[in-house]
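Accompanying notes for the structure given below.
Remember, it's 1-based here, ligands and their atoms both numbered in the order they're listed. Being a predicted model, the structure only gives us computed values, none of them experimental.
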Amino acid sequence: MRSGRIQSSASCSASSSSTFPHPPCLSSASRHCKFPRLLSPRALSLSQRVSRNCLVPETTQFSFSKQSSTNKKRLFPVNVGALVTSNTEAISTGPLVAEEKIGVLLLNLGGPETLDDVQPFLFNLFADPDIIRLPRLFQFLQKPLAQFISVLRAPKSKEGYASIGGGSPLRRITDDQAEELRKSLWAKDVPAKVYVGMRYWHPFTEEAIEQIKRDGITKLVVLPLYPQFSISTSGSSLRLLESIFRDDEYLVNMQHTVIPSWYQREGYIKSMANLIEKELQKFDRPEKVVIFFSAHGVPLAYVEEAGDPYKAEMEECVDLIIEELEKRKITNAYTLAYQSRVGPVEWLKPYTDDTIVDLGRKGVKGLLAVPISFVSEHIETLEEIDVEYKELALESGIQNWGRVPALGCEPMFISDLADAVIESLPYVGAMAVSNLEARQSLVPLGSVEELLATYDSQRRELPAPVTVWEWGWTKSAETWNGRAAMLAVLVLLLLEVTTGEGFLHQWGILPLFH
Ligand SMILES: C=CC1=C(C)c2cc3[nH]c(cc4nc(cc5[nH]c(cc1n2)c(C)c5CCC(=O)O)C(CCC(=O)O)=C4C)c(C)c3C=C
Ligand SMILES: [Fe+2]
């Protein structure tokens, strides 16, 4: 088999080039740069792209004002990023002074720590309008619907969490990453505090924000721990932050900036390439192994209707990793597919399970799975990939299976995150004045409000991605049956809520919601 990208026949037209208009200031590197999007990412080398990403405007100088007339100390070295080019003008974000207290808020999904946490965790997830976005008229049904779906899904989810030790490892791993990031920042002369704010489980984002206020943080860098941006992940966390910020006098006045995605950073790309290179060496004939990037899926409508940049960023990310591997003379065949689909609607394709079967059919004997959308081990790596997909691969004729571990606390990766934070510091607060230069910074930046407005100004309705129930013989019938089922459930819930009677009350489910 020739090296290069394998186009699985499981793939459909929906997975090819995306047609949605790119928001002007979201995170895909090529969208930020002044280059037209005519050049495919593959046409540029990593170093070229890194310098394209180095969007410090040519007229901009990275020089923090030294000491001001008072006895305030500058906290950082002048040159905060290795990528700084010849710039001439100062970004006037003001001096970074000893009185400033810098915080970094890591945003993540969160996961149930015990089996008893599973249903309430699922409730929180499905109650999120960025996961199930109901038509305006039906928004009052969000919580009852979340209760209904979480109760239905909990047994299956619990089985999964039971098989990985009775709970999600996400909290422990994210706490470790926060501590390593803190150490790395201090080692680089940036005495910052690092906080963890989870979207659906403890420590909740609200708890982290309370701590940030107690600590008197004056400058905050918000860093979602998802390399690529999606409405359903970073977007959802930012929307929550927006509502917290809006209602709080302290926070309204606290300067902040957001690093919405960072998949294009050299340190991240090299760390991923290192892991892949190391795992490949464990195979008898490494050059014959297909590198199988498996990303968490999202419903297709997120990308095609709501303008989620997730797919474009994912594809560019894979291109960058492959380019880095090629520089190391690793030219294996590779492919990208999407996993963890739930529910009756169509998700990004090709699906991971279909692609594995397809590769087996084509005679592939060695596969190296690379989880690509997340930087911690979690249920979808430990159970779905390591157990379900491995089993499917072996059944499909693939004899040699391997899996690249998630990045976790890899030193090069953590150090690169620290650099991303440091490079963003001159822009903290600059977003308030809608500073164009700040948006074109070393890492794509924006304020919470700006970023949300960019990707989601119209707040389009999105199909519910989750299973209420499914039946049917064809994909299309499944989709329509699913939609009909959704409608039926909504009507039932509507009747139940208005009359106070029905099957949810009989089962004792409805009065539980809060
Ligand atoms: C980039 C990563 C992720 C995207 C995109 C994403 C979208 C998304 N997820 C669901 C539904 C579920 N996700 C669940 C768990 C889960 N999701 C992610 C990451 C992304 N999700 C992670 C890391 C985890 C695991 C956390 C852990 O505890 O280890 C679950 C619960 C598990 C299960 O029952 O399968 C659900 C449900 C949707 C609907 C969605 C996009 C709309
Ligand atoms: Fe998920």
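For Ala295, no heavy-atom contact with ligand 1 is shorter than 4.0 Å. Of the heavy atoms in Arg153, only side-chain atoms (C-beta onward) come closer than 4.0 Å to ligand 1. Contacts with ligand 1 closer than 4.0 Å are made by side-chain heavy atoms of Trp347 only, the backbone lying farther away. Both the backbone and the side chain of Ser373 come within 4.0 Å of ligand 1, counting heavy atoms alone. Both the backbone and the side chain of Ile379 come within 4.0 Å of ligand 1, judged by heavy-atom distances. At a heavy-atom cutoff of 4.0 Å, ligand 1 is contacted by no atom of Lys156, backbone or side chain. Neither the backbone nor the side chain of Asp130 comes within 4.0 Å of ligand 1, counting heavy atoms alone.
The aromatic rings of Phe293 and Tyr334 lie perpendicular to each other, with more than 60° between the two planes, well past the 30° mark. By the 30° and 60° cut-offs, the orientation of the rings of Phe121 relative to Tyr161 is perpendicular.
Relative to the six-membered ring of Phe204, Arg199 misses at least one condition, a distance below 6.0 Å or an angle of at most 45° to the axis.
Against a heavy-atom cut-off of under 4.0 Å, Phe374 is close to the following atoms of ligand 1: 23 (C). Residue-ligand proximity, Val342 to ligand 1, at heavy-atom distances under 4.0 Å covers atoms 39 (C). Every atom of ligand 1 with a heavy atom of Phe126 under 4.0 Å away is listed here by number and element: 37 (C). Counting atoms of ligand 1 from 1 in the listed order, those under 4.0 Å from a heavy atom of Leu170 are 26 (C), 27 (C). Atoms of ligand 1 lying under 4.0 Å from any heavy atom of Pro112, numbered from 1 in the order shown and given with element: 28 (O).
Side chain of Gln228 to backbone of Ala312: no donor-acceptor contact under 3.5 angstrom is found.
The N/O atoms of Ser168, backbone and side chain alike, include one that comes under 3.5 Å of an N/O atom in ligand 1. Note: no N/O pair closer than 3.5 Å links Ser230 and ligand 1 by distance alone.
Checking Asp117, Leu348, Leu109, Leu125 against atom 36 (C) of ligand 1, the nearest heavy atom belongs to Leu125. With Gln228, His296, Glu377 as candidates, the residue nearest to atom 2 (C) of ligand 1 on a non-hydrogen basis is His296.
Ion pairing between Lys270 and Asp416 fails under the 4.0 Å rule for side-chain N and carboxylate O.
Aromatic ring centres of Trp262 and Tyr226 lie farther apart than the 6.0 Å criterion allows.
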| task | Go through the steps to decide whether Glu423 and Arg265 satisfy the test salt bridge (charged side-chain N to carboxylate O under 4.0 Å, His left out), and finish with yes or no. | result | CA-CA 12 Å; Glu423 288 159 19; Arg265 290 190 62 84; 2.9 Å; yes

| Evaluation steps, side-chain hydrogen bond (donor to acceptor under 3.5 Å, both in side chains), between Tyr200 and Asp128 | CA-CA 9 Å; Tyr200 306 120; Asp128 177 1; 2.5 Å; yes

